[in-house]
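Presented below is the structure to which this report refers.
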There are 2 protein chains.
Amino acid sequence: MLVLVTYDVNTETASGKTRLRKVAKQCVNYGTRVQNSVFECVVDPGQCLLLKSILTDIIDENVDSLRFYYLGKQRNAKVEQIGVCKGVNVDEPLIF
Amino acid sequence: MLVLVTYDVNTETASGKTRLRKVAKQCVNYGTRVQNSVFECVVDPGQCLLLKSILTDIIDENVDSLRFYYLGKQRNAKVEQIGVCKGVNVDEPLIF
């Protein structure tokens with residue numbers, strides 16, 4: 001199934017910047033980065049649970065946010081892109 | 001229908017910062033901000049076309065990105081939130 005993962009990590013502190021990098025590095029293992037804080041992941045239910053668990057362990061739930069959108073079968077997802085469409089290197093600075 | 005709008009606006013320049021503010025201000029007219037660069041909009045097809053047109057006119061397609069996810073009927077959308085869940089004031093600094 002296609003799962004869209006979006007996140008906001010508060011980067012006001014050094015630990016926040018570390019969390020942001022960690023979240024992105026984990027998401028890269030499960031999907032394609034389509035925007036700085038948006039990943040499209042094709043995963044089975046087990047992988048999805050695992051990803052959710054990993055990310056939940058990384059973030060600070062008091063200041064950060066994760067959202068998971070379950071988009072069903074990948075071929076049925078209706079997505080439209082306007083503007084630049086390029087992968088973002090997870091090792092690049094992630095703070096904008 | 002529920003449309004998820006996600007965007008990346010390149011804020012390396014002053015004009016980029018202005019575009020980012022403009023995109024957010026327009027999205028606020030159509031939906032709920034669930035993360036810094038993620039809006040959930042409940043719109044009819046006409047409103048959706050209008051929003052898309054407005055945002056496309058604002059962004060610089062060479063460096064910015066818009067994505068629209070068509071999630072169908074709102075009540076059928078499967079969304080999960082972990083961590084902080086609060087509206088973000090569109091007048092607050094939007095650069096993280």
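So that the names make sense, note that chain A is the first sequence line, chain B the second, and so on, each numbered from 1. Computed from heavy atoms alone, side chains included, the values below leave out hydrogens, waters and symmetry copies.
- The CD atom of A:Glu80 lies 7.0 Å from the CZ atom of B:Phe68; values are rounded to the nearest 0.5 Å.
- Side chains of A:Ile59 and B:Ile82 form a contact here, defined as non-hydrogen atoms less than 4.5 Å apart.
- Under the side-chain contact (heavy atoms from CB on, under 4.5 Å) criterion, A:Thr13 pairs with A:Ser15, not counting sequence neighbours.
- A:Asp8 places a side-chain N or O within donor-acceptor distance of the main-chain N or O of B:Asn36, the cut-off being under 3.5 Å.
- Rounding to the nearest 0.5 angstrom, the gap separating the OG1 atom in B:Thr6 from the OH atom in A:Tyr69 is 9.5 Å.
- A:Leu4 touches chain B through its side chain: at least one heavy atom from C-beta onward sits under 4.5 Å away, while N, CA, C and O do not.
- If you chain together hydrophobic residues whose side chains sit under 4.5 Å apart, B:Val28 and B:Tyr30 fall into the same group.
- Residues of residues 42-54 of chain B lying under 4.5 angstrom from chain A, judged on non-hydrogen atoms, are B:Lys52 by number.
- Residues passing the side-chain contact (heavy atoms from CB on, under 4.5 Å) test with B:Lys22, sequence neighbours excluded: B:Thr18, B:Ile58.
- Annotation: salt bridge (Lys or Arg N to Asp or Glu O under 4.0 Å) contacts involving residues 55-70 of chain B, sequence neighbours excluded, comprise A:Glu40-B:Arg67, B:Arg19-B:Asp64.
- You'll find the side chain of A:Gln81 reaches within 4.5 Å of the side chain of B:Ser65, heavy atoms only.
- In this structure, the portion of A:Val38 lying under 4.5 Å from any heavy atom of chain B is its side chain and not its backbone.
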